[in-house]
Amino acid sequence: QSFLNGYSTQFYLACDDERLYFAGPQRPNFNAVSQSEGKMLWQLPEGVRHVVAHPQGLFVVTDIRNKIKSGRIDKSNGKLLEELYPRRGCTRVTGSLDSLFLRARNGTIRQLLDGDRSVNNIAPMRPPCHSGVIISDGMLCWGP
């Protein structure tokens, strides 16, 4: 296990209305499977990606030192559509309706998903490795 990839306790399955996505530190590949047919739709090497299935698309985030880029990908083939900010360190990537939340050197990165996709720093709170930022009842919560 390496903090660069995230720990094996990270979830490895994300889904939307049509597909299941298998990715994470414990997966050798990143796979998409059809929910209705159970068939593999596509596979990409190096499964170490944090996945957020979102109404605006499928977002995958990798560590800042990873050669694979972070961004929004095409759900039908796994190709990168736009590049977004990478994560630092161990923290699980989480999302809300308008943002992705990642760990930063000095706090938390909030990557907006609406408009200009701007990146904001929320200091001084850094999310914990195993849970990341949790959104509950309209509030952002950081664990110990």
Side-chain angles (χ1 to χ4, degrees), residues 1-122 125-136 138-143:
Q1 294 186 25
S2 166
F3 72 92
L4 297 176
N5 297 332
Y7 297 102
S8 63
T9 56
Q10 174 190 319
F11 67 89
Y12 63 89
L13 174 65
C15 63
D16 58 25
D17 291 340
E18 300 171 1
R19 297 171 186 86
L20 303 172
Y21 306 100
F22 295 89
Q26 66 286 71
R27 307 298 319 149
N29 296 306
F30 178 24
N31 301 307
V33 175
S34 166
Q35 282 196 37
S36 62
E37 300 171 8
K39 294 191 312 188
M40 175 119 54
L41 299 172
W42 47 264
Q43 180 178 35
L44 300 174
E46 300 190 33
V48 181
R49 294 170 171 93
H50 295 243
V51 178
V52 177
H54 191 275
Q56 290 189 32
L58 185 64
F59 294 94
V60 294
V61 184
T62 61
D63 185 76
I64 198 164
R65 292 158 283 230
N66 197 318
K67 64 183 177 188
I68 299 169
K69 301 294 184 195
S70 297
R72 184 171 60 91
I73 66 169
D74 188 325
K75 293 179 183 184
S76 66
N77 59 24
K79 297 206 183 306
L80 188 67
L81 297 172
E82 73 177 301
E83 194 173 326
L84 294 174
Y85 198 82
R87 62 181 253 290
R88 292 186 62 88
C90 61
T91 303
R92 187 173 290 163
V93 176
T94 58
S96 66
L97 287 177
D98 67 351
S99 305
L100 295 177
F101 296 94
L102 313 99
R103 188 172 185 151
R105 173 165 286 194
N106 298 323
T108 303
I109 292 293
R110 178 182 182 210
Q111 168 87 57
L112 289 176
L113 299 177
D114 293 332
D116 65 359
R117 305 272 202 233
S118 64
V119 174
N120 303 294
N121 189 45
I122 303 171
M125 297 298 292
R126 277 180 30 167
C129 286
H130 295 289
S131 57
V133 175
I134 298 170
I135 295 101
S136 177
M139 297 175 66
L140 300 180
C141 303
W142 286 264

Looking only at heavy atoms, what is the nearest atom pair of [X] and [Y], with distance?
X: Asn31; Y: Gln43; result: OD1-CG, 2.8 Å
X: Ser96; Y: Ile135; result: CB-CD1, 4.1 Å
X: Leu102; Y: Val61; result: CD2-CG1, 3.2 Å
X: Ala53; Y: Cys15; result: CB-O, 3.3 Å
X: Thr91; Y: Gly132; result: CG2-CA, 3.5 Å
X: Val51; Y: Ala23; result: CG2-CB, 3.7 Å

*Could you list the residues that satisfy salt bridge (charged side-chain N to carboxylate O under 4.0 Å, His left out) with Asp74, not counting sequence neighbours?*
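For Asp74 there are no salt bridge (charged side-chain N to carboxylate O under 4.0 Å, His left out) partners, ignoring immediate neighbours.
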
*To the nearest 0.5 Å, tell me how far Leu100 CG sits from Arg110 CZ.*
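Going from the CG atom of Leu100 to the CZ atom of Arg110 covers 10.5 Å.
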
_Within this structure, what is the SG-CE distance for the pair Cys141 and Met125, rounded to the nearest 0.5 Å?_
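Here the interatomic distance stands at 10.0 Å.
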
Can you find a pair of side-chain heavy atoms, one from [X] and one from [Y], that are under 4.5 Å apart?
X: Val133; Y: Trp142; answer: yes
X: Leu140; Y: Ile122; answer: yes
X: Val60; Y: Tyr21; answer: no
X: Asp98; Y: Leu113; answer: no

Determine whether a donor-acceptor pair (N or O, by modelled atom type, separation under 3.5 Å) exists between the side chain of [X] and the backbone of [Y].
X: Gln111; Y: Arg117; result: yes
X: Thr94; Y: Ile134; result: no
X: Ser70; Y: Thr62; result: yes
X: Asn121; Y: Asn106; result: yes

*Tell me the salt bridge (charged side-chain N to carboxylate O under 4.0 Å, His left out) pairs involving residues 14-23, sequence neighbours left out?*
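Found Asp16-Lys75.
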
*Residues in side-chain contact (heavy atoms from CB on, under 4.5 Å) with Ser118, at least two apart?*
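If we apply the side-chain contact (heavy atoms from CB on, under 4.5 Å) test to Ser118, skipping adjacent residues, the hits are Leu112, Asp116, Asn120.
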
*Quick one: sort the Trp42 and Phe30 rings into parallel, tilted or perpendicular, breaks at 30° and 60°.*
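Perpendicular, since the angle between the ring planes exceeds 60°.
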
*Let me see the working for Leu84 and Glu82 under side chain to side chain contact (heavy atoms under 4.5 Å, CB included), right down to the final yes or no.*
CA-CA 7 Å; Leu84 294 174; Glu82 73 177 301; 4.1 Å; yes

